[in-house]
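Before any comments, here is the structure.
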Amino acid sequence: MLDLLRNNKVVAGILAVFRIYLGYQFIHAGYEKITSGGFDASGFLQGAIASSTGDHPAVQGWWATFLEHVALPNADLFSFLVQWGEVLVGIALILGIFTSFATLMGMVMNFAFLFSGTVSTNGQMILLAIFVIVAGANAGKFGLDRYAMPYIKNQFTNRRNNKHKKETAIA
């Protein structure tokens with residue numbers, strides 16, 4: 001099964017559809033936040049903190065503590081990170097560039113929304129993202145990763161070889 005996810009061209013096409021769908025969802029959400037001009041995460045954060053009390057809290061206490069003491073005092077920073085993070089993750093996924101990293105960052109955001117008591121499409125997006133992450137390079141095969149990853153790998157290999165040559169020449 002793992003071999004199928006990581007090496008099959010048909011699966012690479014299906015993963016490209018998953019990746020582009022996820023990218024669209026992120027870029028759409030982020031773009032709306034940016035263009036509305038008034039996105040402020042503090043109301044969302046306060047609502048999540050309030051949902052951590054009562055008989056059946058939707059938000060766990062440890063997460064509410066993080067939101068109350070870290071996120072809420074820095075709501076401007078978190079607002080910026082959410083809206084631009086969504087747009088950048090969306091662009092990367094649509095283009096298929098740095099696919100694994102972009103998917104991982106998208107999952108971090110989706111889990112943060114889930115931890116904050118929001119269900120929406122976050123669970124579905126995490127499920128699709130798991131397939132993209134497990135598939136590794138195959139998920140970016142029909143994207144810019146096809147060109148970027150070999151180039152980056154080559155740069156690291158050349159750097160390591162040059163360092164080794166210098167160390168050998170000194171010895």
Side-chain angles (χ1 to χ4, degrees), residues 1-34 39 41 44-45 48 58-72 74-157 159-160:
M1 178 68 169
L2 193 58
D3 187 57
L4 180 72
L5 273 174
R6 292 190 171 176
N7 297 312
N8 188 287
K9 288 183 181 182
V10 173
V11 172
I14 294 167
L15 291 166
V17 172
F18 287 1
R19 189 190 78 227
I20 292 166
Y21 170 77
L22 290 169
Y24 172 78
Q25 293 297 317
F26 276 110
I27 202 166
H28 180 70
Y31 182 76
E32 281 185 1
K33 288 176 179 76
I34 290 170
F39 176 70
F44 175 80
L45 296 170
V59 177
Q60 294 184 5
W62 67 271
W63 185 252
T65 300
F66 166 77
L67 294 177
E68 185 175 7
H69 298 291
V70 178
L72 191 57
N74 299 297
D76 288 341
L77 173 63
F78 277 81
S79 297
F80 177 83
L81 291 174
V82 167
Q83 57 191 348
W84 285 102
E86 287 178 342
V87 167
L88 293 174
V89 164
I91 290 170
L93 289 174
I94 288 171
L95 296 177
I97 185 85
F98 309 121
T99 302
S100 293
F101 180 73
T103 304
L104 181 63
M105 292 300 101
M107 287 177 72
V108 167
M109 283 189 282
N110 278 313
F111 274 118
F113 300 145
L114 281 174
F115 289 162
S116 299
T118 301
V119 179
S120 188
T121 61
N122 298 311
Q124 169 190 312
M125 291 174 71
I126 289 169
L127 180 61
L128 293 175
I130 288 170
F131 286 105
V132 173
I133 288 284
V134 171
N138 204 29
K141 185 177 236 163
F142 297 123
L144 294 179
D145 277 348
R146 180 180 200 153
Y147 308 103
M149 289 301 127
Y151 175 80
I152 291 169
K153 184 178 179 182
N154 187 35
Q155 293 301 312
F156 279 110
T157 302
R159 216 176 262 173
R160 191 174 344 129

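What you see is a predicted model, and the numbers here were worked out from it, not measured in a lab. We count residues from 1, following the sequence as given.
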Is there a donor-acceptor pair under 3.5 Å between the side chain of Asn74 and the backbone N or O of Val70?
yes
Using atom types as modelled, flag every donor-acceptor pair under 3.5 Å from a side chain in residues 105-119 to any protein atom, sequence neighbours excluded.
residue: Asn110; atom: ND2; partner: Gly106; partner atom: O; Å: 3.2
residue: Ser116; atom: OG; partner: Trp63; partner atom: NE1; Å: 2.9
residue: Ser116; atom: OG; partner: Ala112; partner atom: O; Å: 2.8

I'd like to know if the side chain of Asn8 reaches the main chain of Val11, judged simply by a donor and an acceptor atom lying under 3.5 Å from each other, with no hydrogens or angles considered.
yes
Examine distances only and state if a side-chain atom of Arg6 and a backbone atom of Gly136 form a donor-acceptor pair shorter than 3.5 Å.
no
Do any N or O atoms from the side chain of Thr103 and from the backbone of Ala129 form a donor-acceptor pair under 3.5 angstrom?
no
How about Leu5 and Asn138: do any of their side-chain heavy atoms sit closer than 4.5 Å?
no
Looking only at heavy atoms, the pair that brings Ala75 and Leu45 closest together is CB-CD1, 4.3 Å
Reported CG-to-CG distance for the pair Leu127 and Asn122, which is rounded to 0.5 angstrom:
12.5 Å
With a 4.5 Å heavy-atom cut-off, do Ile152 and Phe156 have their side chains touching?
yes
Do the side chain of Arg19 and the main chain of Phe142 share a donor and acceptor less than 3.5 angstrom apart?
yes
On a heavy-atom basis, which atom in Val132 and which in Phe18 lie closest, and how many Å separate them?
CG2-CB, 4.2 Å
Please test Tyr31 against Gln83 for side-chain contact (heavy atoms from CB on, under 4.5 Å), starting from the C-alpha separation and ending with a verdict.
CA-CA 7 Å; Tyr31 182 76; Gln83 57 191 348; over 6 Å; no
Test side-chain contact (heavy atoms from CB on, under 4.5 Å) on Phe39 and Val82 and set out the steps.
CA-CA 10 Å; Phe39 176 70; Val82 167; 4.1 Å; yes
When you look at CZ of Phe98, are more than 12 heavy atoms from neighbouring residues, nucleotides or ligands closer to it than 6.0 Å?
no
Heavy atoms, side chains only, cut-off 4.5 Å: are Ile97 and Asp145 in contact?
yes
